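Beneath this line is the structure, given in structure tokens, with notes to follow.
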Amino acid sequence: MTDKTDYRATLNLSDTPFPMRGDLPKREPGWVKQWEDEGLYKRLREARCGRQKFILHDGPPYANGQIHMGHAVNKILKDMIVKSRQLKGLDAVYIPGWDCHGLPIENAIEKKYGRNLPRDEMQAKSRAFATEQIAIQMADFKRLGVLGDWEHPYRTMDFSNEADEIRAFKRVIERGFVYRGLKPVYWCFDCGSSLAEFEIEYADKKSQTLDVGFKANEPGKVLAAFGLGAPPPQGGGTEDVFAVIWTTTAWTIPANQALNLNPEIVYALVETPRGRIIVAESLVEKCLARYQLEGQVLATTPGKNLGGLEFQHPLYDVDAGYRRLSPVYLADYATAEDGTGIVHSSPAYGLDDFNSCVAHGMKYDDILNPVQGNGSYAPDFPLFGGENIWKAVPHIIATLEQAGRLFGTEAIVHSYPHCWRHKTPVIYRAAAQWFIRMDQGEGVFTKDKAPDTLRNLALRAIEETSFYPENGKARLRDMIAGRPDWCISRQRSWGVPLPFFLHKDSGELHPKTMEILDVAADMVQAGGIEAWSKAGSEEILAKVGAAADAPEYTKSQDILEVWFDSGTTHTTVLKGSHPGTAHENGPEADLYLEGHDQHRGWFHSSLLTACAMYGRAPYRGLLTHGFTVDSQGRKMSKSLGNGVDPQETSKKLGAEIIRLWVAASDYSGDIAGDDKILARVVDAYRRIRNTLRFLLANVNDFDPAKDAVPLAEMLEIDRYALSRAAEFQAEVLAHYEVYEFHPVVAKLQVYCSEDLGAFYLDVLKDRLYTTAPKSLARRSAQTALWHITHAMLRWMAPFLSFTAEEAWKLFGDSESIFLEEYAEIGSPDTELLAKWNRIRALRELANKEIEALREKGRVGSSLQANLAITAPPADHALLASLGDDLKFVFITSQVRLHAGDALVIEAHPSTHLKCDRCWHWRAEVGSDPAHPALCGRCVSNLFGTGEVREHA
């Protein structure tokens, strides 16, 4: 018998306009434009108006240069979180922002137009430059599919933000935290300005160590302190007594003003051929070896007995400019861990030195500070005037050696603070600056004094903050616990002014300073920082009724450091320029998200300003991510040429691939990326897209209003598939709740390939394709697929935004997937899940038996095989409950089930004929003369009442 009918046309082979190939690089720009043209972000706000807010406050990238992959990672992470909260039904606000003031832009302007530009011109050119850079970066961020209020971003240089920053500063003053003082601060010669702790990074530096002798001014008193008289020198030595110090900063020796010894350390007086030297007793052997000297300990005494002794500066006899004495001050920071146990003190160039000298009565005016802001000694400084301090080191060493005061020197490589912008070494340098006080003390113009120190307020706020990952908590807490006062003044032009007037003689602030701050804020609100810069002293003071004071006061030229700019955006933006974007009570933002370096940067400055102003943190949670690195773990950089460019990647692969890469990466550590890694991401994308395409194709003719099957009437495997989807959705939403994406991506791939591709959709194909188009069996399957598609599009929308939106345009009934909320697909049925999980496990065992036949060439597809299963009672009951549908689950043409004590699965080739339509091998193929190539169920599905499916 033959039947030449082409039965393919009788199958329900649905199609979809959703293409197999994404063609992302060409199509994504169109979607970006469409979102912008349709005002999608505004529509999202309208859709969630009145709902609970979720506010992720954008840490502002600096407006300088094209974005790199680190920017892309940061913005995509923020976008995924905001979208996941939007889909949760929250009013997820996202205002993108930019940091606009500061040194990098000034450097760019000076490089282009030259140094020493007038202040007004520098400000005007800087504002124009920042505006251009923002436009470039904004286009790149939009291209990545990031949704936000791009029409109304915040810029720290906007007049209202600049004005509100001055108002925020006034509040910090009122709370008693601001003071002016002379104190060593980090100073960068390239910046020509002080730096904050946040702007320091550590790197290796080669330095020359020095062991330098300070000759006792009155040797007899030193010997008496050791309980000795004046014994004659032995071994050819001299009667000189030297306190020997060890330092890695040779350039500070010329400015030495004291010596510090620890009162509890035991010091030894050692007789050597070069005289009697004083070092810590525990370090005698090491010191003598370093100096290549023989020596004998004459006496020992604790440091407390040496306090007040005086020693001559090591260049005392070389130049009259160094004819001064260095007294011994007792200080705990002197240790015997290395060196000599004696610390030389140049109070202008070390915080501990400064504190020790001031505590012992040294006046600010007496502190020597010969190093100028450009890194050179003052021109009139004895011996080394005009020399750069780094280049002067060989000269200093040679001079000490000639003076007989150099006991040893060697080169070492050690960790040293560097400017994080210029990557050059910095120094501590005393300068009159404005500070925010961390501990007890009186500020200026205190009106509403804070109830506790800023340090304590910040530490308590940290305890009330959630950290993702949790280890960020200890890192920020340790930084706050040990940090010094915050130097907030900078000697630059492009920034928000410190609107102070200082008395020319006393240096005191004008008594109407608080009124002047209000005037300054109003002026800047109307005309930007330029308005303040251009206004004369008399004009400003006249606004507070003090024009006559103008000749006696100097208008400050300092600006607030840029970390105060970004650190106050919780109030200048969320409570100022963008009203309605902050929570009414408590912290303004639900989340701050930045790289882990921002524990010492934006997270840090924001915490301090908010605690100073309100006594609490500005955020409820802090999330940190790692840096972008190559496959070898090296940080991406232009110099190494190992970076992945987001612009080029978008043109080549599509921004969607960058998004999926970010989502699939564990951002708690560094994020590795290169061409090979991205190629694997492309493969993962294709698998997800192909699954989505199958779902869309098979609900193409499904109208839920007319065709949906009630849950109770659906086939059992369809109810299982929905229960599994509900279980999976609970996992996805739990991950989203704590800002985790890489587990979602990993699980979604498994769900697509295993739960759907390898099982449910595999089983479903026969029913979808061969049963009657409108049969209960097919509509039940389509009902499940319709619900799964709805759910899946929402699961993937936060990270595969372009693809989810593309599919939604064909599948959904609203303008955008992002206007939707997570699908309602019921709760997991635990009994049903357990039953089918066991059935799937048994199916896997059966597949191994069938695969063994296939490898031997005895069968082609699994449908050519017949199974004989002997199962123990529990498994037998599960399988028997499926009745004749069991063969559809195992995708074989026949399953014979037997009861037994042990599980035995056997596979045999079918001896029957293959149906041309459904490809099952059935005994009744050929039994109908009218359709000799069909099996009985296909005849029934095509020409009769149709087969009845109950379970699968």
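All residue numbers refer to positions in the sequence shown, counting from 1. Values in this document were obtained by computation on a predicted structure and should not be read as measured data.
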Distance-only donor-acceptor pairs under 3.5 Å for side chains of residues 862-874, two or more places apart:
unit_1, atom_1, unit_2, atom_2, d
S862, OG, I891, O, 2.7
Q864, OE1, G860, N, 2.8
N866, OD1, Q894, N, 3.4

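Between T649 and W661 there is no side-chain heavy-atom pair separated by less than 4.5 Å. Looking at D707 and T783, their side chains never come closer than 4.5 Å, going by heavy atoms from C-beta outward. The closest side-chain heavy-atom distance from F728 to D755 is not below 4.5 Å.
The pair D58-K75 counts as a salt bridge, with a side-chain nitrogen and a carboxylate oxygen less than 4.0 angstrom apart. The pair E46-R43 meets the salt-bridge criterion, since a charged nitrogen lies less than 4.0 angstrom from a carboxylate oxygen. The existence of a salt bridge linking D683 and R680 is excluded, since no basic side-chain nitrogen approaches an acidic carboxylate oxygen closer than 4.0 Å. Classification of R949 and D884 as a salt-bridged pair fails, no side-chain N sitting under 4.0 Å from a carboxylate O. Of the charged side-chain nitrogens involved, none lies within less than 4.0 Å of a carboxylate oxygen, so that E36 and K33 do not count as a salt-bridged pair. Here E151 does not pair with K42 in a salt bridge; the nearest charged N to carboxylate O distance is not below 4.0 Å. Electrostatic pairing of E821 and R51 counts as a salt bridge here, judged by a charged N lying under 4.0 Å from a carboxylate O.
No donor-acceptor pair under 3.5 Å is formed between the side chain of R724 and the backbone N or O of L833. Side chain of H951 to main chain of S881: a donor-acceptor pair is present (N/O by atom type, distance under 3.5 Å, no hydrogens or angles). Listed for the Y41 side chain is a donor-acceptor partner under 3.5 Å among the backbone atoms of Y94.
A donor-acceptor contact closer than 3.5 angstrom links the side chains of E656 and T803.
Under the side chain to side chain contact (heavy atoms under 4.5 Å, CB included) rule, T770 has a single partner from S775, C918, C915, which is C918. Checked against F890 for a side chain to side chain contact (heavy atoms under 4.5 Å, CB included), the options N847, L882, L879, I905 give a single hit: L879.
Taking the six-membered ring where the residue is Trp, the centroids of H790 and W808 are separated by under 6.0 Å.
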